Amino acid sequence: MEKEYNFSAIESKWQEYWEKNKTFKAEDFVEGKPKYYVLDMFPYPSGAGLHVGHPEGYTATDILCRYKRMRGFNVLHPMGWDAFGLPAEQYAVETGTHPSVTTERNINNFRKQIKALGFSYDWDREINTTDPKYYKWTQWIFSQLHKKGLAYMAEVPVNWCPALGTVLANEEVINGVSERGGHPVVRRPMRQWMLKITEYAERLLEDLEELDWPEGIKEMQRNWIGKSTGAEVDFVIDGIGEKVTVYTTRPDTLFGATYMVLAPEHPLVDKITAPAQAAQVSAYREEASHKSDLDRTELNTEKTGVFTGAYAVNPVNNDKIPVWIADYVLISYGTGAIMAVPSHDTRDFEFAKQFDIPVKCIIMPDDELAAPEVLAGNACWTGNGKMINSANHDGLDINGMEVADSKRVTIEWLEARGIGKGAVKYKLRDWLFSRQRYWGEPFPIIHLEDGSIKLVDDNDLPLTLPELDDFKPVASGEPPLAKAADWVTYTDPETGLKGRRETNTMPQWAGSCWYYLRYLDPDNNQAAFAQDKEKYWMPVDLYVGGAEHAVLHLLYARFWHKVLYDLGFVSTKEPFRRLVNQGMILGISYKDSRGALVPMDLVEHTGDGAVHKQTGEKLVEFPAKMSKSLKNVVNPDDVIKEYGADSMRLYEMFMGPLEAVKPWNTKGVEGVYRFLKRSFRMLTAQQISDAPMNEVQLRLLHATIKKVTEDVESMSFNTAISQMMIFLNEFSGDKPLPREAAETYILLLAPFAPHLCEELWSALGHSDTLAYEPWPEYNEKYLKVAEVEIMVQVLGKAKARIMMPADADENVMKELALANPDVNAAIGGKTVRKIICVPGRLINIVIS
RNA sequence: GCCCGGGUGGCGGAAUGGCAGACGCAACAGACUUAAAAUCUGUUAUCCGUUAGGGUGUGCGGGUUCGAGUCCCGCCCCGGGUACCA
């Protein structure tokens, strides 16, 4: 008699229904409905398949999309594939399988896995960055950048990774090894494509203000852009007359400069080096040029450098200070030259101590304890204080000023005398945009024999990738595309000039920089996207993805978007209005008493905890990143098979706040599975009644609508689910279930567990999908109660709980409280000093 | 070092400055069952106490407040980012 919760049958039935009826197709330009564009970070379709981290963000956005549809929004929720990338290429190098074959296979697998979770995507808008119909427009955008002068070639010291046979962006190198694979990276000059992201530094920084993004992510972008304000000051080299410009953020400490440092690569080094020092200097420069980033990171404890024999004249006091070269000064930042103020800069202080250079204190520290040491030159002070040993006599009276003020005053003073000027610098560098790989977008670029560069005509795009059998880079470091001789050679039809096609390809970021725009118009063959569609849908209302994209992808995409804005192709300054980062899902892992990690297959669970299968040693459980080596990777397919997609979705939302890092626990899936099973039983086996609800039932129903609605809006899915559990616990049982409660409950649960709810909805006699049913509204009047329990505290300690009318005012509450025997006992005849009264909540009686 | 997060039962986690531990997991006890699974009911921060009841408790130390997990000051620990950026 009683039906089983057969989730597999229910889920495939409704997934087919949605697909067949195109239930979630997003229509452009719907009149009278607000639009809502929700973007998921599209995945790289790896061979390993979907990870439990993917459905976390996807479920969160899916709940919001389903909710917004019920709220009458025209929702756009698309999915696609970021499919260029290294793993497919490496697999190709090893096996000879063409990356397009691997990619297609992986995409099919990913699509199947994602569809099994029942997300309400508009699959008609699916995109794939490796599809020539897509990358045609990636190439077109590059052409636009090139025409605007934002793409250029430069011989730059790049991060060359011999193991990967390619250069990497600064962002892709972590502590001297590659982000992917962890291979060593060395510096090497190469001719490369660069994009002028630095031209947009200020706007990328400023426009962060208007974005509804997590403050931490904004801060990371600010730090990455790294704006600093200070001054450029000219020093003249004594006896040679050459001028060296230094950049400093502390022009107010100019009087404390006791030496100057040039980067080893600084162009003036040869000119100013004294003959006696030449050998030493040239040896040091040679040594520095061989240092990779890795070496420099490892050696950052000790400072090195050599004296050039030259002296510079400090323009503010005519002091002659020695000029050194040292690799702690970088040629790529500021002017490649600094004035060193050891008394008020910690790095300069270290260097001065190491080489016995004088330290001159010019700021008397505010901190009296620190002052004597700093005055004696034994310590460094970077805080506020009074200027001393400075140019008070020169009209510069900045005694007692805070650092910020004295900086401003000094800059004005320098400018008035023509010695220096205010300057702004950024850490952000131009974006190294080329890779020596096969599996990426070819540049629409031809190098002609006369040395000029020709863009492939827009009408000839896409410039498709040539077929290759061997995907290895050429030994010389030339990219694999150089092997496609026919493809590479070119003769200009107009001039007859011969040329070679660019053999570098674009980095993986290229395709992901603008994919949110292609979803708006995925089949357009005439343009990347129609402008009226862009105007209708943009900006993205909500973008959900992992925090690992905090700087790279999100900064690059914002940059391209701003370029497209300047060119008039998009109508918003920023692409992503609201951003939410999902927290990583960790696996369970075990370690033994020595702290060694134990893979899951060697762990045995016994009555009193986990033990090592072989040694029998007790193991400690702890959360750690899921990894192949720990064998603690959870496969979504297995979870779906055992508990169903609705349970998988619900569990990932119930684990905790979306942003939090949280460990996976399969037992927890069982908990939500039980909840869904009970929901199914309540709505199928329990008698549905048309009798009106009583006061208590109405209150719980409306409180649940209120809580779930508010929690979905704020993406607090875990507490929304807990409220629905409370509802279920109250309503399930033998008593008949009021129809209104049943239907409302189904609609509230539908965004979370859509398959089950569609099934229950149709079982209650509805013939249509519930996807567009109006979202339940709550009524405040049902939330009111006649009497509430008021806690009465005496000196902050709870002494009694008294039922009082909900609308009782302070006087009534006080009277009722003071009439209570327990309260009186607690007061014990002492004097009542004060009574704090919080209507509807508590009373606190202060006695003495 | 610097910049962000975070620290609450056995575990995941709840708490507009107002009864800390909602909801779930696990555990324990009971019902049903020949038995198990499934299901249902109950207990479950901790200490003292047979009970009634009382004490303690949100990383540590101070402070503000009638009242602090929540606000302020000073630390400790964990996670993430970043690093000679003048």
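Being a predicted model, the structure only gives us computed values, none of them experimental. Naming: A, B, ... by sequence-line order, numbering from 1 per chain.
For B/rG74 and B/rG53, the C1' atoms lie 39 Å apart once the distance is rounded to whole Å. B/rU56 and B/rG9 are spaced 14 Å apart, taking the C1' atom of each and rounding to whole Å. Rounded to a whole angstrom, the distance from the C1' atom of B/rU43 to that of B/rC25 is 16 Å. With C1' as the reference atom, B/rA31 and B/rC66 are 49 Å apart, rounded to whole Å.
Distance OH (A/Y643) to P (B/rA38): 10 Å, rounded to an integer number of Å. Distance, A/L795 CG to B/rU65 P: 15 Å, rounded to whole Å. For the pair A/F351 CZ and B/rA86 C1', the computed distance is 13 Å after rounding to whole Å. The distance between atom CD1 of A/I585 and atom P of B/rG12, rounded to the nearest whole Å, is 15 Å. In this structure, CD of A/Q221 is placed 20 Å from P of B/rG80, rounded to the nearest angstrom. To the nearest angstrom, P of B/rA86 lies 17 Å from NE2 of A/H344.
Between A/Y333 and B/rA86 there is a side-chain polar atom (N or O) within less than 4.0 angstrom of OP1 or OP2. Between A/K834 and B/rC66 there is a side-chain polar atom (N or O) within less than 4.0 angstrom of OP1 or OP2.
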TODO: Given side-chain hydrogen bond (donor to acceptor under 3.5 Å, both in side chains), test A/Y284 with A/T304 step by step and report yes or no.
DONE: CA-CA 9 Å; A/Y284 185 78; A/T304 61; 2.7 Å; yes
Practice prompt. Test A/K784 against A/E780 for side-chain contact (heavy atoms from CB on, under 4.5 Å), laying out the working first.
Written response: CA-CA 7 Å; A/K784 292 209 182 96; A/E780 285 284 351; 5.6 Å; no
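The A/T248 side chain lies nearest to B/rA86 when the options are B/rA38, B/rA86, B/rC84. Among B/rU39, B/rA86, B/rC66, the nucleotide with an atom closest to any side-chain atom of A/L330 is B/rA86.
Residue A/P214 is classed as having no contact, given no heavy-atom separation below 4.0 Å to the nucleic acid. Among the atoms of the strands shown, none is found under 4.0 Å from any heavy atom of A/V246. Here A/S228 lies in heavy-atom contact (under 4.0 Å) with sugar-phosphate atoms only.
For A/A312, the side-chain contact (heavy atoms from CB on, under 4.5 Å) partners two or more places apart in sequence, or in a different chain, are A/F235, A/I237, A/M260, A/I321, A/V323. When the salt bridge (Lys or Arg N to Asp or Glu O under 4.0 Å) test is applied to A/K799, no partner is found at least two apart in sequence or on another chain.
Between A/Y643 and A/T666, the side chains place no donor N or O within less than 3.5 Å of an acceptor N or O (distance only, hydrogens not considered). Remark: the A/S647 side chain and the A/Y5 side chain contain no N/O donor-acceptor pair separated by less than 3.5 Å.
Between A/Y426 and A/T198, the closest side-chain pair of non-hydrogen atoms is not below 4.5 Å. A 4.5 Å side-chain heavy-atom check between A/R558 and A/L208 finds at least one atom pair inside the cut-off. Counting heavy atoms from C-beta outward, A/L676 and A/F7 have side chains that stay 4.5 Å or more apart.
Note: A/Y259 and A/F351 meet the aromatic proximity criterion, with ring centroids under 6.0 Å apart.
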Here RNA chain B, pairs taken as Watson-Crick or G-U under 3.5 Å and shown with ( ), [ ] when crossing and | when to another strand, reads (((((((..(((.....[....))).(((((.......))))).((((....))))..(((((..]....))))))))))))....
List the atom pairs, donor and acceptor, that lie under 3.5 Å between side-chain atoms in residues 832-846 of chain A and the rest of the protein, sequence neighbours left out.
unit_1 : atom_1 : unit_2 : atom_2 : d
A/R833 : NE     : A/S848 : OG     : 2.5
A/R833 : NH2    : A/S848 : OG     : 3.2
A/N844 : OD1    : A/G796 : N      : 3.0

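With a glycosidic angle more than 90° from 0, B/rG80 adopts the anti conformation.
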For nucleotides 18-31 of chain B, 5' to 3', base contacts (B), sugar-phosphate-only contacts (S) and non-contacts (-) with protein non-hydrogen atoms under 4.0 Å give BB--BBSSS-----
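A/E232 and A/K425 make their closest contact through OE2-NZ, 2.6 Å (heavy atoms, listed as atom of the first residue, atom of the second, distance).
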Under-3.5 Å N/O pairs linking protein and nucleotides 8-10 of chain B:
none

